[in-house]
Protein chains: 4
Amino acid sequence: MPTLARLSGIFTPNIVPLDAAGEINEPELRRYTDWLIDRGVHGLYPNGSTGEFTRFTVEERRRVIEIMADQTRGRVPILAGAAEANVRETIRACEYYHSLGVRAVAIVSPYYYKLSPPAVYAYFKEIGDNTPVDVTLYNIPMFASPIDVPTVQRLSEDCEKIVAIKDSSGDLPHMIRMIAAVRPNRPDFAFLTGWDAALMPMLLIGCDGGTNATSGIVPEITRKLYDLTVAGRIDEARPLQYKLLKLFDAMIYSADFPEGFRAALGLRGINPGVGRQPMGEGQKVELDQVRDNLQCLLAEEGFTDEPISGCPPKSRVDPLEVSRIVDGVLAELKRRM
Amino acid sequence: MPTLARLSGIFTPNIVPLDAAGEINEPELRRYTDWLIDRGVHGLYPNGSTGEFTRFTVEERRRVIEIMADQTRGRVPILAGAAEANVRETIRACEYYHSLGVRAVAIVSPYYYKLSPPAVYAYFKEIGDNTPVDVTLYNIPMFASPIDVPTVQRLSEDCEKIVAIKDSSGDLPHMIRMIAAVRPNRPDFAFLTGWDAALMPMLLIGCDGGTNATSGIVPEITRKLYDLTVAGRIDEARPLQYKLLKLFDAMIYSADFPEGFRAALGLRGINPGVGRQPMGEGQKVELDQVRDNLQCLLAEEGFTDEPISGCPPKSRVDPLEVSRIVDGVLAELKRRM
Amino acid sequence: MPTLARLSGIFTPNIVPLDAAGEINEPELRRYTDWLIDRGVHGLYPNGSTGEFTRFTVEERRRVIEIMADQTRGRVPILAGAAEANVRETIRACEYYHSLGVRAVAIVSPYYYKLSPPAVYAYFKEIGDNTPVDVTLYNIPMFASPIDVPTVQRLSEDCEKIVAIKDSSGDLPHMIRMIAAVRPNRPDFAFLTGWDAALMPMLLIGCDGGTNATSGIVPEITRKLYDLTVAGRIDEARPLQYKLLKLFDAMIYSADFPEGFRAALGLRGINPGVGRQPMGEGQKVELDQVRDNLQCLLAEEGFTDEPISGCPPKSRVDPLEVSRIVDGVLAELKRRM
Amino acid sequence: MPTLARLSGIFTPNIVPLDAAGEINEPELRRYTDWLIDRGVHGLYPNGSTGEFTRFTVEERRRVIEIMADQTRGRVPILAGAAEANVRETIRACEYYHSLGVRAVAIVSPYYYKLSPPAVYAYFKEIGDNTPVDVTLYNIPMFASPIDVPTVQRLSEDCEKIVAIKDSSGDLPHMIRMIAAVRPNRPDFAFLTGWDAALMPMLLIGCDGGTNATSGIVPEITRKLYDLTVAGRIDEARPLQYKLLKLFDAMIYSADFPEGFRAALGLRGINPGVGRQPMGEGQKVELDQVRDNLQCLLAEEGFTDEPISGCPPKSRVDPLEVSRIVDGVLAELKRRM
């Protein structure tokens, strides 16, 4: 019988600060961990997509959890990304993270190859049968093999250790279908959305929380949006959802993921260092413009000063231009999928 | 200056009943019109996708509006689908429907060819400059050229006669972006969602209403979901949204659109006749099964008796099986796009 | 038993010239018909996608065939696009075009709605059973419901009047699968490719010919590529395929279809007039640049003079820039689908 | 100046045989290496997608190359898959494989995240500037960030060490565009197709060879198709391409990749062992049926006996049924992407 409470609230998928040599910047990662907890996030979610888990080695992924578990010391629960090259290696990671005291692991569906639903089921079933720690399924069809509704339902019925799904599809009816299929038999099973752009409506139709990259940058807003929404204060929550979407769009669509988030994090006073994916000169120039734009958005919220070059008056950022960028990048993303 | 109130509420995209010869069944269409108004829909939306406008001739499309305008006699507003082969023909339809007293027309973005945003803009601008009646943009990227956010924004700024958008993408952040881009300058501009699967959350983030095919079959539920949602009674609205999604999925994914809706309409006592798109024997057998399933769902709501063969006990319909069907058909739909 | 030879060779999907009032320019359409026949195309294919059949009225589509059948007077076979709003109207068009003496009709799969394979089968079966004239299936999954391999196979077995398929998917293995599935039982069944970008390889793996929009603009090249390829003169054909692709890319991806083809046709001395889809000022400026680019490409082939502004030296057109445009537009097209 | 000949011919992306414990089966891998060389493949391509590089650890990937380089002893060139977690690790792999004497490495575009063209360029530029061994770009947009034409062109101009591209898109016009953009400036740059379904036409329009998974199973056929095609014996090559497509379809679409290839390899007398991706009971039953089907196809070619249960008479395998499976699975694949 499950003895732990259902996962809920905002879990932050954190960026890993790097030092000048491109190695994990442990002091800054510790400082960032405290910074997030101090600003009210309910939990931490290292080694997620925002945490660029695929760009680290096996050893580095373990080191990230070690540092954060040590620094957190139980103040908030940790959801540790644990996907490795194959089932055996992934189970080993589950065992290790369990020994570090994490609340649960999150395991992305197999990626690179696009697997069929029975193969996705078999993968998670093998893990669910052998893990010592609770498992959160991670569905991100943009990047990995999709986990469809019948697969979630079967896994929830067959594996007590599988206790939640994090869904980053952003597909609201899909979330309703999952909840309708799973909750009657597994009231302890949690549904977390990874799509900040729809956090409020996802919570209103039944989600328990979110793993939202914005909460790593503006935890104050993401947390407040969560609180107002679960309190049923819809009219106050709505403008925050609009604001969060504006920030989310600016960070996610303005540069190769997660460079927009990295730039914004620097503006909040945490030094993320330079990412491991190389950038050309053109990209760096563009990222400077993105940073100025983000600085204006963050200055609007009082989180930072305006850039020296100033910000556009009034609406500060031309929404038409932002719309054009978002639409263009959405097209690009679709093209790459 | 716009003098009319913003479009709002539930507009029903109605099926056109046909007689044994495959012609418009005028008496049944008149009876259906009354049936819908009696059950509380706020408006009617003939010649929409559910109304299979592409399968009728020019003359027949006009006849549908004539009959329904005559039968309605102003009891509720009519939003008349007015897309024709080209701009000139579409403007003629606008003029004619204006003469019949409709509240507004709805014009789908150009289809077959997939046009660029500037071409979509030019198309609607030409119409907006020449229409005597208010125009609702109709965005349904599944079937027609998408209308992106900057295009909606520009059209809202440049054409006073364009007063609303009906969006059937089901994309919630897209809806937020549109509202954020348009509402500050055009408070009279209305946002209607055509995606029943997300009606409640769409209303909660700012939509004014919906053009929802379910309201042609179970207007009692769609209307009640609308009322509870706008009243802020979220906990009562949520289970209705789940129920509506179950019905919507069963009607939209169980057969070639809109045959599931046609079958359900027959179960409600309106005789839709046989559709114009031919069906093979295998499809007819499958449709009989779909009809039985729908009859069970409708019987659960007290709208009809159970089928003679009875319904599954308890949960009556296996949600896992339904999930499998939905997932399979979503895959098929994506394949066809 | 089929008595006519298998369809083969290059059939030209022609643009319909319009006059200053936007009406069919009959004299220019007659002149264009002669121009094409004089340059060696094997057949004509009016009311295709290039012919913008959806932008004309029922009466206009009939008028196009009347004019071209009259002008051709049997010099080359005509493949008449015959898709109308529904099966009954389409069969009427078949009957009418049969009375005008066309060799066959071509019928696009149902569009707007995306139909399942059984529905696509039922649609063509009904037509195949009732048409007095030979029918060519038209598969263009980019715009209409796809016709999959089993459907083509079943239709070829069940309907003697269905004698060919025109496939614009550009998918070479798909073409091989169709030929493998159909040819053993129906040696009279023809396979035509609508994808100029792969004409040579399509012919080499077994196609009988093509319905290629480039043949309406540079019939000399398309015809020569066909002749060299079927003669097995691969080394001479290859550079022509490269040249045709360059022209095809420049016409199809540089503007909303078929404006690039319309612009190029004007450069060849046929006056296409102004299209029915409105254009904004920005689009017109861009189209002028496209026209200059096309003029340089056509001048390279000796089909026209260079533009007054001259052409780029050496390679004349920057292939990197063209590549960027093509890639960008392909992304756009995918986004719109 | 490049001193080595352009890569050409058929490079086999080999499966890695596993033993009962799921570890690399070194003796069988050595035997398989000899088996392939004896059957005439021009080169070997370990750690490709068929080689399931993502399912092995860093150390295992290195071990695969060590074993095969040692066993090959220069009889044929080796193209070693060298993608690791990030640029630094990938360059280390290049250095190590260089020390083992491989002809070149092949590096897949970054996957999981879908990167923009400038980011893809920056990634390969960094590698190209620091690798001691020749590099083959690996474009497989189905699984990884696409490498577009301008990016290939820029990399070919900026990095002498980048000497080839392996393209598994199967997009023939795309291949023509790449060759047209690159070959004039880099006559030493090679174009290899990874799409067996179009091997003959790809060679005819200018490719230098292929990295084809079928060559790991039926090297006799793939090699013969290559030889006939480059000799211009089109009429003899064509039926082989049809045959290869039938085998390819049966292996690639009948089970989760690369299980169909693994099953077929066992039928050829090489023991591949059980794959690392778990399978459920239903999948195993299906795979048995796939194996019987493959055995019939291989028996037709004289490569093995018929299964004990026998094969279907005459055409042995119902092409309609195969078509249905292929179409269904293509839909599934699209859904997962």
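Since we're looking at a predicted model, the values are computed, not measured. Chain identifiers are assigned alphabetically (A, B, ...) following the order of the sequence lines, protein sequences preceding nucleic acid strands; residue numbering begins at 1 within each chain. No hydrogens, no waters, no symmetry mates; every other heavy atom, side chains included, goes into these values.
Looking at every heavy atom in both residues, G206(A) comes nearest to Y242(B) through CA-OH, 4.5 Å.
Looking at I234(B), the atoms closer than 4.5 Å to chain A (heavy atoms on both sides) all sit in the side chain, from C-beta outward.
For the atom pair CZ of R238(A) and CD1 of I179(B), the computed distance is 9.0 Å after rounding to the nearest 0.5 Å. For the atom pair CG (L172(A)) and CD (Q241(B)), the distance works out to 8.0 Å, reported to the nearest 0.5 Å.
Under the rule for a side chain to side chain contact (heavy atoms under 4.5 Å, CB included), the partners of K161(B) that lie at least two apart in sequence or sit in another chain are T131(B), D134(B).
Just one residue in the list L203(B), I205(B), I176(B), L204(B) forms a side chain to side chain contact (heavy atoms under 4.5 Å, CB included) with P201(A), and that residue is I205(B).
A heavy-atom distance below 4.5 Å is not found between the side chains of F248(B) and P173(A).
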